Amino acid sequence: MTIAIEPVTDPHALAAALSGRMLIDGALVPAVSGRTYAVINPATGQTIATAPFGEAADVEAAVASAAAAQKAWAKLPARRRGALVAECGRLLAGRVEELGRLVALETGKALRTESRGEASVLADVFTFFGGLGSELKGETIPFDPAMLTVTLREPIGVIGAIIPWNAPMMLMAMKIAPALVAGNAVVVKAAEEAPLAVLRVAQVMNTVLPKGVFNLITGFGPECGAPLVAAPAVRKITFTGSVETGRAVYRAAADKLIPVTLELGGKSPMIVMADADLDRAVAGAVAGMRFTRQGQSCTASSRIFVHDSIHDAFVDRLAAAVDRMVMGDPLDERTDIGAIVSKSQHERVCGYIEAGRAAGAGVRACSALPDDPALAGGLFVRPHVFTGLGNDSRLAREEIFGPVCCVIRFRDYEEAIAAANDSDYGLAATLWTRDLKTALDAAHRLEAGFVQVNQNLVVQPSLSYGGIKQSGLGKEASLEAMLEHFTHKKTVILNMT
Ligand code: NAI
Ligand code: MG
């Protein structure tokens, strides 16, 4: 089956056109079984498309295609592979509107504040990694003057990539761009909630890449994700998602003795010192909590430690700023905050809000639910700012993945550092101060993979990104990530004596 490749900015039409297909061996195909499941617009509850319910037979076909294609792909000069990946970036950059609208429709993330941005970053990730082909260098080693001893960076083979729904295109790009440039072929398992925009990306990229180098399959974790991890030809798994599923993936990979990269959750602290620029810190909390993404971010600054002397003013200003944000139709340009991705996530988030209220915490419910009757069936949640909860409370310990944060009062710096580090997670952390000495001290002591002072940026192509503790294993987004996680080093000795 062929689907027009011209940009389609009506996301409903595009969703319908992509309905029931995934991409295996260069072709848009249904599941072998013919089974499908519904793809829902979370802002309305309406079905916008179906996606193939992929199972072991589909995984097998995708992995076989990737294994066959990988050999010739790896033989291309590295810069040539990079040029093709960069060309994908160029094509995707021309489709920011199309892809932004489609991902907004299927995930509920607002177009203006989130989805369009995700589509731009997607293109940038391919552009960035596309330029790194010639960096797949080895070393020469002075082992013996009579011999030439070198290391070569070789591709691993077929990579299985399992991705979530919160930023599906961008998180997929962080995995497949370096994997492809390094000479691997990939099979991506889309998140069940968000199979459409990534399929469109795969379709566009397959106009440039050789058939089979990039396959995209859809389906659920146990039926489709697990067989991908178990497939004998898959020699590495890269996963982003929950700690629980990450553990299951790690265990299954251990049986095969294959490496994994895991980007799991977070409970990232933000420490606001008494001397911080309050306006900037409040703006940083709004951005850091990803309220525009309904808080559905692994990096979300969901534990905000604020010095006693400015705590109340900070809470007032934060609540007022979030209150001004407009919740509504993700495709409406006026909307700041969209809908939660699925019923189960909605229930989960509401459960945490109830638990926080039951714990007798102070709470500000901000913004207002949309009053448009067309959105009556939508999965909207008002952002909640909790106060008065300790760092030992459930809301401060567990990843909520919703628009819910805890502002926690502290009196001295040591107390704040200790509380910030008292977490199972270690993905990101920020500190807000004008004092350089405190900034440097905290940068050394905060237990996280990504520490920022006086800003709260998201993951950036070129900067290694990844957590410690329960937040995961390995890094993404950088040259080092490509070298360490998508190649292996072969030592070669040429004895010419
Ligand atoms: P999940 O970790 O279950 O799903 C992520 C991906 O793993 C999906 O593609 C899913 O189909 C796949 N998967 C599930 N079970 C699998 C298995 N046994 N083998 C192989 N693949 C499997 O996450 P879910 O259910 O979407 O969300 C639950 C929670 O996870 C969220 O509330 C949030 O706390 C966290 N999460 C963290 C993300 C991050 O960016 N680190 C992204 C999404 C969720
Ligand atoms: Mg799950």
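Whatever order the structure lists ligands and atoms in, that order sets their numbers, starting from 1. What you see is a predicted model; the values in this text were computed from it and never measured.
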So how far is it from K236 NZ to T487 OG1, rounded to the nearest 0.5 Å? 9.5 Å
Quick one: look up the protein heavy atom nearest atom 10 (C) of ligand 1 and list residue, atom name and how far away it is. E192 OE1, 3.4 Å
Show me which atoms of ligand 1 lie under 4.0 Å from any heavy atom of I162. 6 (C), 7 (O), 9 (O), 12 (C), 20 (C), 21 (N)
Which ligand 1 atoms, with their elements, are less than 4.0 angstrom from a heavy-atom of A190? 9 (O)
Will you find, in the side chains of R303 and N391, an N or O donor that is under 3.5 Å from an N or O acceptor? yes
Give the numbers and elements of all ligand 1 atoms closer than 4.0 Å to a heavy atom of E263. 41 (N)
Residue R348 vicinity, atoms of ligand 1 by number, heavy atom under 4.0 Å: 32 (O), 34 (O)
So does Y250 have more than 12 non-hydrogen atoms from other groups sitting under 6.0 Å from OH? no
Suppose we measure from atom 24 (P) of ligand 1 to each protein heavy atom; which comes out shortest, and what is that distance? W165 NE1, 4.0 Å
contact_flag A248 ligand 1 heavy-atom lt 4.0 Å: no
Taking the side chain as every heavy atom from C-beta outward, state whether F486 and L180 have any atom pair closer than 4.5 Å. no
For atom 8 (C) of ligand 1, closest protein heavy-atom neighbour: I163 O, 3.5 Å
Of all the non-hydrogen atoms in the protein, which one sits nearest to atom 42 (C) of ligand 1, and at what distance? P164 CB, 3.3 Å
Considering only protein heavy atoms, which is closest to atom 34 (O) of ligand 1, and at what distance to one decimal place? E399 OE1, 2.7 Å
Are any non-hydrogen side-chain atoms of N184 and W73 less than 4.5 angstrom apart? no
Atom 20 (C) of ligand 1: the protein heavy-atom neighbour that sits closest, reported with distance to 0.1 Å: G225 C, 3.3 Å
among protein heavy atoms, the one nearest atom 38 (C) of ligand 1 is F401 CZ, 3.4 Å
Atoms of ligand 1 close to C298 [distance to a heavy atom under 4.0 angstrom, numbered from 1]: 39 (C), 40 (O), 41 (N)
Would you say atom 4 (O) of ligand 1 touches the protein, meaning some protein heavy atom is under 4.0 Å from it? no
Are V103 and L99 close enough that some pair of their side-chain heavy atoms sits under 4.5 Å apart? no
Just jot down the ligand 1 atoms closer than 4.0 angstrom to any heavy atom of K189, in number order. 8 (C), 9 (O), 10 (C), 11 (O)
Within ligand 1, which atoms have a heavy atom of L264 less than 4.0 Å away? 41 (N)
If you apply the rule side-chain hydrogen bond (donor to acceptor under 3.5 Å, both in side chains), what do you find for T238 with T261, and how did you get there? CA-CA 5 Å; T238 169; T261 305; 4.6 Å; no
Q345, any N or O under 3.5 Å of ligand 1 N or O: yes
Nearest protein heavy atom with distance in Å, relative to atom 15 (N) of ligand 1: T245 CG2, 3.3 Å
Considering only heavy atoms from C-beta outward, does the side chain of V459 approach that of M170 to under 4.5 Å? yes
When you check the side-chain N and O atoms of S423 and K267, is any donor under 3.5 Å from an acceptor? no
Nearest heavy atom to atom 19 (N) of ligand 1: which of G246, A226, A252 does it belong to? A226
Residues at least two apart in sequence or cross-chain that pass side-chain hydrogen bond (donor to acceptor under 3.5 Å, both in side chains) with N456, listed by chain then number, are S301
Answer whether the closest heavy-atom distance between the side chains of S302 and I400 falls below 4.5 Å. no
Enclosure of E60 CD (heavy-atom neighbours >12, cutoff 6.0 Å): no
